[in-house]
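We name chains A, B, ... by the order of the sequence lines, and we start the count at 1 in each one. As the structure is a computational prediction, the values presented were derived from the model and not from experiment.
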Amino acid sequence: MRILLIHADRFSFRVTGETSVALSSELDKAGSEGEVGESLVVFMAAEKGDETNIGSVASQVTEEILSLALQIGTENLVIYPYAHLSSSLSSPRVAVKLLDEILTRLRSQNHLKIMRAPFGYYKAFEISCKGHPLSELAKTITPSGRTERIADDEESQAIKAEKTLESQWIIQSPEGEFAYSGPADGFSFASRPNLERLFRYEKSGSRISDKAPPHIELMRRMELVDYEPGSDQGNFRWYPKGQLMKRLAETYVSSLVTQHGGMQVETPIMYDYQHPKLNLYLQRFPARQYVLLSDEKEYFLRFAACFGQYLIQHDMQISHHHLPSKLYELTHYSFRREQSGELAGLKRLRTFTMPDLHTLAKDMEQAKEEFIAQTDLAIQCMEGFGLDFEVAIRFVRDFAEQNQSFVEEIVSRCGRPALIELWEERSFYFVAKLEFNFIDALDKAACLSTVQIDVENPQRFDITYIDDKGEKQYPFLLHASISGSIDRVLYAILESQAMRMKQGQKASFPFWLAPVQLRIIPVSEKFGEACKKILDKVPYRIDYDDRDISMGRKIRAAEREWVPYILVIGAKEVAEGCLNVRSRDGAQKKMALSELLTEIEPQMEGKPFLDLPLPQRLSRRPIFVG
RNA sequence: GCCAGCGUAGCUCAGCUGGUAGAGCUGCUGAUUUGUAAUCAGUCGGUCGGGGGUUCGAGUCCCUCCGCUGGCUCCA
């Protein structure tokens with residue numbers, strides 16, 4: 001929208017004729033002539049693009065007007081639609097809506113006296129401009145970058161609905177000795193303290209902590225990840241060791257999903273704000289997008305791979321023979337412009353990586369089968385990362401009641417009691433949502449894996465398949481992120497190890513994820529050659545501490561890096577042709593290289609391997625933090 | 001986004017009521033060649049988060065912006 005603000009000694013107008021876009025209601029609202037003395041006259045023209053966020057434009061314009069009125073000390077306003085300010089006008093409908101919106105906002109300021117001119121009429125006007133420096137001002141207002149305002153002004157229906165939504169909490173545990181099914185308040189949590197934490201966290205929402213989550217210190221001290229003040233908040237830099245772990249985790253998750261049948265694709269990270277289908281979807285969750293402007297056109301950055309995959313699925317030729325059909329993407333990246341106060345280390349970021357799987361199922365039976373299979377996959381994934389989790393399942397009540405055996409089956413697959421939330425009405429796109437929650441050192445819950453049954457988006461995005469009678473049908477759609485955000489997986493791993501340290505145990509990474517898997521430490525420089533010989537014989541990430549410091553310090557450094565196996569090489573080892581292995585459990589063992597490799601092998605089973613992204617000699621390795 | 005706290009060397013931190021910045025670790029140099037969590041000595045390193053203000057004088061007081069942490073909120 002363009003506005004021209006003029007501080008006038010007097011202003012008058014009168015309607016002289018109708019234009020093609022005249023509406024008689026405008027004359028009722030504004031009258032056909034008017035005259036005022038000292039006043040701030042605001043000429044305005046709504047432009048293309050304003051319709052993407054009327055609330056944002058209206059609130060910015062209102063703010064501009066009020067701020068100038070205050071500066072020049074006037075209480076008289078004239079709002080005057082004036083199309084000639086722009087060569088790229090919006091539709092008349094949008095213009096009138098915007099005009100009304102701005103007037104509503106201005107009228108809520110009771111001290112102001114407001115006169116308006118009608119939209120869509122030829123008018124004659126007379127103005128006398130005061131001519132002081134603030135008396136003439138032109139501004140162009142765009143919706144971009146300010147979209148968060150709409151969240152305050154016009155909360156989406158879905159968000160509003162959720163706030164007032166009543167839900168019921170139930171615990172259901174698998175068949176067996178301790179089987180239970182009933183209100184969560186009546187469950188004895190003694191054996192599942194973390195489930196109780198999850199329940200309290202979900203129900204009350206209140207948490208008490210004055211401490212920063214311990215993973216933040218660890219991610220920096222271990223030279224994995226760090227803040228990047230040169231970027232926006234919640235955007236991180238990844239050092240070689242952290243980047244390696246991230247890449248390993250991604251590779252692992254992707255291989256699980258593609259083995260499960262996910263067809264890996266890649267979709268754009270930005271989408272046209274005005275694309276009609278996407279726009280409809282965005283209106284359900286209007287805030288929290290990064291918006292960028294390119295040649296006057298606005299794009300938002302994706303918050304998941306959903307759109308990209310919906311648009312592909314819309315264009316695909318799918319028959320019932322193809323179902324279930326699964327598209328998969330590891331999003332590098334997903335963007336969510338969370339409120340700044342919500343950001344927390346690797347737990348909650350603005351830019352993150354996550355696996356996103358969308359499955360089309362021909363009917364609810366197939367959707368449920370897939371749901372179960374993907375639950376299994378998520379369990380396998382969590383086990384691979386060595387993460388413990390608590391299960392939460394959210395249902396629309398009707399759905400849960402009509403599918404009781406399905407609910408039981410999920411709980412049984414998870415093999416532990418689950419917290420179930422029942423909603424009386426469906427306010428989001430899903431009828432069922434499974435979550436694996438990690439409970440951290442400060443008793444806070446973070447959702448990792450999730451599987452959802454979507455009953456809304458196939459229609460919205462016109463995704464169809466041809467059934468066995470040759471007719472078009474809408475499939476059911478499953479959303480699954482079998483690990484949740486990769487960044488958050490790393491958060492959970494670090495937090496779980498911080499808890500172990502608190503209990504006096506040694507922290508460690510799963511062997512396959514350890515940046516350095518083995519380290520050779522020579523007793524003295526003399527054994528350098530002997531060390532180098534071992535390097536080539538070990539097919540894992542092995543390095544060699546050749547720095548000119550004491551052996552005690554090298555041991556300490558390796559322990560602080562959580563290196564799983566430390567190999568000390570001295571005269572004895574050279575003479576006997578064996579290794580002295582100090583493992584993470586504290587044990588020191590004399591063993592042959594082949595024995596060590598046999599011990600390691602099962603720890604790598606089914607897990608990816610990537611090379612060490614750092615110089616093998618520690619004397620050649622720069623320090624990133626500390 | 002709101003409220004509160006914090007921001008001093010690469011890292012962890014000290015610096016009282018305003019008087020012109022200090023330690024340990026790391027790094028570097030040298031000595032030492034070491035047997036399982038810190039060998040000894042020397043030495044480099046700071047527009048005290050950015051900008052503005054008050055003052056003869058600001059790391060210290062005030063304003064503002066940025067960042068981090070906690071709480072609220074939020075988590076499609």
Side-chain angles (χ1 to χ4, degrees), chain A residues 146 148-149 151-152 155-156 158-159 162-163 201-202 205-213 216-217 220-221 223 226-235 281-289 302-304 306-307 334 336-345 347-350 352 356 427-430 433 435 437 442 444-447 450 452 454 456-457 479 481 484-485 488 506 519 521-528 545-561 563 566-573 580-583 586-589 619 622-626:
Chain A
R146 301 287 294 269
E148 75 277 12
R149 293 190 157 278
D152 305 334
E155 273 187 308
S156 79
I159 291 171
E162 203 210 6
K163 278 189 178 157
Y201 184 87
E202 288 289 339
S206 83
R207 19 263 180 210
I208 309 142
S209 176
D210 51 355
K211 288 192 285 275
I216 293 179
E217 190 208 326
R220 304 187 61 232
R221 205 200 79 206
E223 297 190 296
D226 212 341
Y227 295 105
E228 178 48 79
S231 179
D232 186 28
Q233 292 177 294
N235 287 263
Y281 191 81
L282 276 176
Q283 276 175 18
R284 285 201 77 158
F285 303 100
R288 312 282 159 91
Q289 260 73 242
R302 67 174 176 196
F303 49 78
C306 300
F307 312 122
S334 289
R336 295 185 191 180
R337 230 188 68 97
E338 310 288 10
Q339 293 184 72
S340 60
E342 295 165 0
L343 302 168
K347 184 183 175 189
R348 197 103 187 264
L349 309 101
R350 281 187 172 173
F352 55 95
D356 209 352
S427 62
F428 289 116
Y429 57 74
F430 47 80
K433 181 188 188 201
E435 290 174 5
N437 285 277
L442 304 174
K444 296 184 188 181
C447 177
T450 181
Q452 304 159 10
D454 179 339
E456 192 174 288
N457 285 305
H479 297 243
S481 185
S485 133
R488 191 175 278 189
K506 275 191 187 178
R519 172 162 299 163
I521 297 180
V523 169
S524 84
E525 267 174 32
K526 283 180 277 191
F527 307 103
D545 197 341
D546 62 334
R547 292 176 297 174
D548 182 20
I549 54 175
S550 71
M551 197 184 122
R553 283 213 15 220
K554 293 183 189 180
I555 298 282
R556 180 177 147 86
E559 290 285 355
R560 281 173 60 88
E561 279 183 53
V563 176
I566 301 168
L567 316 180
V568 175
I569 305 296
K572 266 186 277 176
E573 289 70 27
N580 179 307
V581 180
R582 176 178 165 133
S583 55
Q588 265 185 62
K589 279 184 284 188
S619 67
I623 291 157
F624 289 92
V625 183

Identified pairing partner of [N], criterion: Watson-Crick or G-U wobble below 3.5 Å:
N	value
B/G18	none
B/G1	B/C72
B/C6	B/G67
B/U12	B/A23
B/G35	none

Contact class for [X] (heavy atom, under 4.0 Å): base, sugar-phosphate, or nothing?
X	value
A/Ile216	sugar-phosphate
A/Lys554	nothing
A/Ala571	base

I want to verify a distance call: between B/A76, B/U33, B/G1, whose nearest atom is closest to the A/Phe303 side chain? B/A76
Residue A/Lys526, side-chain atoms from C-beta onward, closest of B/U69, B/U33, B/C68: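 Minimum distance to the A/Lys526 side chain belongs to B/U33.
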Identify the two heavy atoms, one from A/Pro522 and one from A/Asp545, that lie closest to each other, and give their separation to 0.1 Å. CD-O, 3.3 Å
Quick check: closest heavy atoms across A/Ser340 and A/Arg350, and the distance to 0.1 Å?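 So the minimum-distance heavy-atom pair works out to N-NH2, 3.6 Å.
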OH-CG distance between A/Tyr227 and A/Leu343, expressed to the nearest 0.5 angstrom: 9.0 Å
Comparing A/Arg350 and A/Phe430 on RNA chain B - which has the more 5′ nearest nucleotide: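 Going by which nucleotide is closer to the 5' end, it is A/Arg350.
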Of A/Arg488 and A/Ser231, the one whose closest RNA chain B nucleotide lies more 5': A/Ser231
Atom pairs, N/O to N/O, protein against nucleotides 7-14 of chain B, distance under 3.5 Å?
from, atom 1, to, atom 2, distance (Å)
B/G10, N2, A/Gly626, O, 3.4
B/G10, N3, A/Gly626, O, 3.1
B/U12, OP1, A/Arg220, NH1, 3.4

Roughly how many Å apart are B/C44 and B/A23, using the P atom of each and rounding to a whole number?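 Rounded to whole Å, the distance is 11 Å.
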For B/C48 versus B/G59, give the span between their C1' atoms, rounded off to a whole number of Å. 5 Å
Using 4.0 Å as the upper bound for N to carboxylate O, is an ion pair formed by A/Glu223 and A/Arg221? no
One thing to verify: whether A/Arg288 and A/Glu342 come together as a salt bridge, which I'm taking to mean a side-chain N less than 4.0 angstrom from a carboxylate O. yes
Using a 4.0 Å heavy-atom cut-off to protein, can you give one letter per nucleotide of nucleotides 36-47 of chain B, 5' to 3': B if the base is in contact, S if only the sugar-phosphate is, - if neither? BBBS--------
Those residues that, when tested against A/Phe307, pass ring pair (Phe, Tyr, Trp, His ring centres under 6.0 Å) (two or more places apart):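 Testing A/Phe307 for ring pair (Phe, Tyr, Trp, His ring centres under 6.0 Å), a comparison that skips the adjacent residues, returns A/Tyr271, A/Tyr281, A/Phe300, A/Phe303.
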What about A/Arg288, does its side chain sit under 3.5 Å from the base of B/C74 through a donor-acceptor pair?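 Per atom types, no contact qualifies.
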On the nucleotide B/C2, are OP1 or OP2 found under 4.0 Å from the side-chain N or O atoms that A/Gln339 carries?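 A/Gln339 to B/C2 OP1/OP2: no side-chain N or O under 4.0 Å.
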Mark yes or no for whether A/Arg519, through its side chain, and A/Leu567, through its backbone, hold a donor-acceptor pair below 3.5 Å.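 No, the answer is negative, given that no donor and acceptor are paired below the 3.5 Å cut-off.
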